[in-house]
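As structure tokens, the structure follows; a few thoughts come after it.
Atom set for the values below is all heavy atoms of this structure, side chains included, hydrogens, waters and symmetry mates excluded.
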Amino acid sequence: MHAEIFNFALGMFAISFAVCGLIVLVSQLRADWVIRPSDLKAKQAAHRRPTSRLGGVGIMCGALAAFVLSLPKEVEPGLKVIFISALPIFLAGLAEDIGLRLSPRVRLGAAAFASLLAAALVGHWVTRSDIPGLDMLLVIPAIGLLATAIWGAGVCHAFNLIDGVNGLSSGTAALSALGLAAIANSAGEPGIALAALLLVPAILGFLVFNWPFGRLFLGDAGAYSLGHLLVWLGILLVARQPEVSMLAIVGLFFWPVTDTFFAIYRRRRAGRRADQPDRLHFHQLVMRGLEIMLVGRGRRHISNPLASALLLPIIGLGILGHVMLYDNPLAIAALLGAQVSGFVVAYLLGMRLANNNRRTPVFEREEPLELVAEAPRR
């Protein structure tokens, strides 16, 4: 049986790798529908050459093999509808990736709709949070469905926001999938465990082209779709196994969710719109900090993938903690508190380093950096 699963995973990797390789090959022809040169002008851009954002197409082709076409018998047919429910947000993200320019609100709306569609198809949604008081509200179907739509859309968007350096968003998704698989296996849900595990080879088929050289990007379609699939495997797991704490599932997505909340707070604090992009995400501070202290200016092709290489082990360590404590809500709450504190302290230290070095050549032509604690500028 292990050999069968390995061969199946190898086939998924091959599908994702082949589709991604074809996209990279076509992009060499500079086809307008594959490459968007205008991305280089984006405020949050961390690359220097036009690069296709269609990597999510390759991942979803691999996931299609896992969720729909020829699932191992351990993965029940009911899980197929999760993939089907991801199609609205995949198509909305794909439209953005090929240049149709959908607003963030439209994409968030598509993500919320995808979650409501999944709830209708699988018959489950978020009904508990393991937070005292809140669970009394979540048992009300209307409130539970609203929370489900917000949670699903939020995580999808969060994976998209951390897609700023090579390998970070897709690598985080792979680690989250492994964490989900481990918790599901321990909780007696081999079908969910296998479905989560089989996402990994599809992601790896893309990562070969994305890290370290950035020949292909994940794109909105990839980030949103991965977020949706992972969120719904987690929701199903919590619905089926009462001993699995919802806080543990939240913890698997700690890094993208926390970075998103911090971005919203940072922008509002500075008097900007919450959806206005900037270059002050944690991974961007790490990347520029590496340029200050280690690699030097003009070597972003090194600092970009190196930032992911430094952050992913930290993210993985946090996920491991939630896997080990998945049935202990109090311990998980304490771990989440420690993670939030560590994130904030590390971010503020990074901002101080950046501000202390803002006059160095590394920061020429960069936007001014503002400490989070500064008063809003009107």
For Ile319 and Val323: C-alpha separation, side-chain torsions, deciding distance, then whether side-chain contact (heavy atoms from CB on, under 4.5 Å) applies.
CA-CA 6 Å; Ile319 289 173; Val323 169; 4.3 Å; yes
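- Judged by distance alone, the side chain of Asn210 and the main-chain N or O of Leu216 form a donor-acceptor pair under 3.5 Å.
- A distance-only check finds no donor-acceptor pair linking the side chain of Trp151 to the backbone of Val126 [under 3.5 Å].
- Cluster membership check: Leu54 does not share its hydrophobic cluster with Tyr224, using side-chain heavy-atom separations under 4.5 Å among Ile, Leu, Val, Met, Phe, Trp and Tyr.
- Taking all atoms of both residues into account, the shortest heavy-atom contact from Ala202 to Ser16 is O-OG, 2.7 Å.
- Ile249 and Leu145 sit in two unconnected hydrophobic clusters of ILVMFWY residues. Membership requires side-chain heavy atoms under 4.5 Å apart, directly or through other members.
- Looking at residues two or more places apart in sequence or on another chain, you find no side-chain hydrogen bond (donor to acceptor under 3.5 Å, both in side chains) involving Asn160.
- The stretch residues 298-337 participates, sequence neighbours left out, in no ring-ring contact (aromatic ring centres under 6.0 Å, His included) pair at all.
- The other members of the hydrophobic cluster of Leu146, by chain and number, are Ile150 (side-chain heavy atoms under 4.5 Å, ILVMFWY only).
- When side chains are defined from C-beta on, Met287 does not count as touching Arg279, because their heavy atoms never get closer than 4.5 Å.
- Annotation: side-chain hydrogen bond (donor to acceptor under 3.5 Å, both in side chains) contacts of Ser129 (sequence neighbours excluded): Asp135.
- One distance of note links CG of Leu199 with CG of Leu178; it measures 10.0 Å at 0.5 Å rounding.
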Just do the side-chain contact (heavy atoms from CB on, under 4.5 Å) check on Leu117 and Val81 with the steps written out, would you?
CA-CA 9 Å; Leu117 178 60; Val81 298; over 6 Å; no
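- Side chain of Thr127 to main chain of Leu138: no donor-acceptor pair is present (N/O by atom type, distance under 3.5 Å, no hydrogens or angles).
- The hydrophobic cluster containing Val340 also contains Ile315, counting ILVMFWY residues as joined when their side-chain heavy atoms lie under 4.5 angstrom apart, directly or transitively.
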side-chain contact (heavy atoms from CB on, under 4.5 Å) between Leu230 and Val155, intermediate numbers included
CA-CA 9 Å; Leu230 291 169; Val155 173; over 6 Å; no
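- Under a hydrophobic-cluster definition in which Ile, Leu, Val, Met, Phe, Trp and Tyr are linked whenever side-chain heavy atoms come within less than 4.5 Å, directly or via other members, Phe253 and Val344 are assigned to the same cluster.
- At least one donor-acceptor pair under 3.5 Å links the side chain of Asp130 to the backbone N or O of Met246.
- The closest side-chain heavy-atom distance from Arg215 to Thr51 is not below 4.5 Å.
- You'll find the side chain of Leu237 reaches within 4.5 Å of the side chain of Leu180, heavy atoms only.
- Remark: side-chain polar atoms of Arg107 are paired, donor with acceptor, to backbone N or O of Leu102 under 3.5 angstrom.
- The main-chain N or O of Leu280 is found under 3.5 Å from a side-chain atom of Gln284 such that the two form a donor-acceptor pair.
- A donor-acceptor pair under 3.5 Å is formed between the side chain of Arg128 and the backbone N or O of Val238.
- Note: Ile332 CD1 to Leu325 CG = 6.0 Å, rounded to the nearest 0.5 Å.
- Using a 4.5 Å heavy-atom threshold, the side chains of Val345 and Leu349 count as touching.
- Taking all atoms of both residues into account, the shortest heavy-atom contact from Glu96 to Arg101 is OE1-CA, 3.2 Å.
- In this structure, the side chain of Asp97 engages the main chain of Ala221 through a donor-acceptor pair within 3.5 Å.
- Between the side chains of Asn166 and Ser308, no donor-acceptor pair of N or O atoms lies under 3.5 Å.
- With no hydrogens or angles considered, a side-chain donor-acceptor pair links Ser85 and His228 at under 3.5 Å.
- In terms of heavy-atom proximity, Pro313 sits nearest to Ala309 at CD-O, 3.0 Å.
- No donor-acceptor pair under 3.5 Å is formed between the side chain of Ser245 and the backbone N or O of Asp327.
- A heavy-atom distance below 4.5 Å is found between the side chains of Arg288 and Arg300.
- Qualifying side chain to side chain contact (heavy atoms under 4.5 Å, CB included) partners for Phe282, counting only residues two or more places apart in sequence or in other chains: Trp255, Asp259, Val286, Leu311, Phe343, Ala346, Tyr347.
- Here the closest heavy-atom approach between residue Pro201 and residue Ala9 is recorded as CB-O, 3.3 Å.
- The distance from atom CG of Leu290 to atom OG of Ser303, rounded to the nearest 0.5 Å, is 6.5 Å.
- Closest non-hydrogen pair, Val200 versus Ala177, comes out as CG2-CB, 4.0 Å.
- Neither Val231 nor Trp125 shares a network with the other; the hydrophobic side chains, linked directly or stepwise wherever heavy atoms of I, L, V, M, F, W or Y lie under 4.5 Å apart, form separate groups for each.
- For the pair Phe83/Met60, a side-chain contact is recorded, criterion being any heavy-atom separation below 4.5 Å from C-beta on.
- Two residues are said to be in side-chain contact when any heavy atoms from C-beta on lie closer than 4.5 Å; Phe159 and Leu218 fail this criterion.
- Here the CG atom belonging to Leu310 is positioned 4.5 Å from the CG atom belonging to Leu306, to the nearest 0.5 angstrom.
- The distance from the CG atom of Leu134 to the CD1 atom of Ile143 is 9.0 Å, given to the nearest 0.5 Å.
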Please walk me through it: do Leu175 and Leu320 pass side-chain contact (heavy atoms from CB on, under 4.5 Å)?
CA-CA 9 Å; Leu175 291 173; Leu320 178 62; over 6 Å; no
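- Contact record, Ala111 with Ile89: N-CD1, 3.6 Å, taken as the closest heavy-atom pair.
- By the 4.0 Å N-to-carboxylate-O rule, Glu189 lies close enough to Arg240 to be salt-bridged with it.
- With rounding to the nearest 0.5 Å, the separation of CG in Leu207 from CZ in Phe17 is 12.5 Å.
- In this structure the side chain of Pro305 never reaches within 4.5 angstrom of the side chain of Val165, judged on heavy atoms.
- Among residues at least two apart or in separate chains, there is no ring-ring contact (aromatic ring centres under 6.0 Å, His included) pair with a member in residues 96-116.
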